[in-house]
Amino acid sequence: MKSFPALLLLLSLGIILDIIPNSARALEIAPEATAERKLQRGFLNIALSGVEFSDQLARARELDQQELALPRWFVGSVRGTFYAAARMLTGAYEMFTFPFSRGGYSPVVK
């Protein structure tokens, strides 16, 4: 029974050493026009969709106030919500359809 902690430590070390190279491979960007790249693109669109909200708020700051009937923060919020939702739905579509090559593996939205 005294060798149980040593065995557990050795097993844990083996698992960690097996996980590290595999996780590094997961960070690689797949070649364009492949199913794996389409899956990555879909995941990143969903994960980064919230960035659109702040991006559109920043772009609304550059708009001319005299041309707008509404405050810039409101316009930026509405546009940011729309763009974030569109990016999230596009990502979900790409993740759902990545195994199918109908129309190729090119991006849905550029």
Side-chain angles (χ1 to χ4, degrees):
M1 278 307 203
K2 290 184 180 185
S3 65
F4 182 71
L7 182 62
L8 186 61
L9 179 66
L10 188 62
L11 182 62
S12 300
L13 184 63
I15 291 172
I16 290 171
L17 290 176
D18 184 51
I19 289 174
I20 290 173
N22 291 333
S23 63
R25 186 194 174 288
L27 296 176
E28 293 176 3
I29 296 176
E32 199 60 46
T34 62
E36 186 178 10
R37 176 68 176 181
K38 187 174 183 179
L39 180 63
Q40 287 176 344
R41 218 176 22 245
F43 174 76
L44 288 175
N45 276 332
I46 291 173
L48 299 176
S49 63
V51 174
E52 288 292 339
F53 189 79
S54 63
D55 184 46
Q56 293 304 319
L57 279 174
R59 288 180 188 214
R61 197 178 307 161
E62 299 168 359
L63 296 174
D64 188 15
Q65 185 65 38
Q66 282 74 27
E67 294 179 11
L68 297 176
L70 300 169
R72 286 184 278 199
W73 63 266
F74 182 75
V75 172
S77 297
V78 170
R79 286 176 63 186
T81 302
F82 173 75
Y83 278 100
R87 182 173 232 191
M88 192 178 295
L89 289 172
T90 302
Y93 172 78
E94 285 195 338
M95 285 185 73
F96 181 71
T97 61
F98 87 94
F100 313 112
S101 69
R102 180 179 170 221
Y105 293 112
S106 61
V108 176
V109 178
K110 292 186 181 185

Shared hydrophobic cluster, [X] / [Y] (ILVMFWY, side-chain heavy atoms < 4.5 Å):
| X | Y | value |
| --- | --- | --- |
| L89 | F82 | no |
| F98 | F100 | no |
| M88 | Y83 | no |

- Considering only heavy atoms from C-beta outward, does the side chain of E94 approach that of L39 to under 4.5 Å? no

- Between CZ on residue R72 and CG on residue L57, distance to nearest 0.5 Å: 12.0 Å

- Item | R41 CZ to E36 CD distance, which is reported to the nearest 0.5 Å | 12.0 Å

- Message: Checking the side chain of T34 only, and the main-chain atoms of R37 only, is there a donor and an acceptor separated by less than 3.5 Å?
- Response: yes

Result block: side-chain N/O donor-acceptor pairs under 3.5 angstrom for residues 48-55, not counting sequence neighbours:
residue: S49; atom: OG; partner: I46; partner atom: O; Å: 3.1
residue: S54; atom: OG; partner: V51; partner atom: O; Å: 3.1
residue: D55; atom: OD2; partner: R59; partner atom: NE; Å: 3.2

- Task: Work out which heavy atom in T97 is nearest to a heavy atom in Y93; give both atom names and the distance.
- Result: OG1-O, 2.7 Å

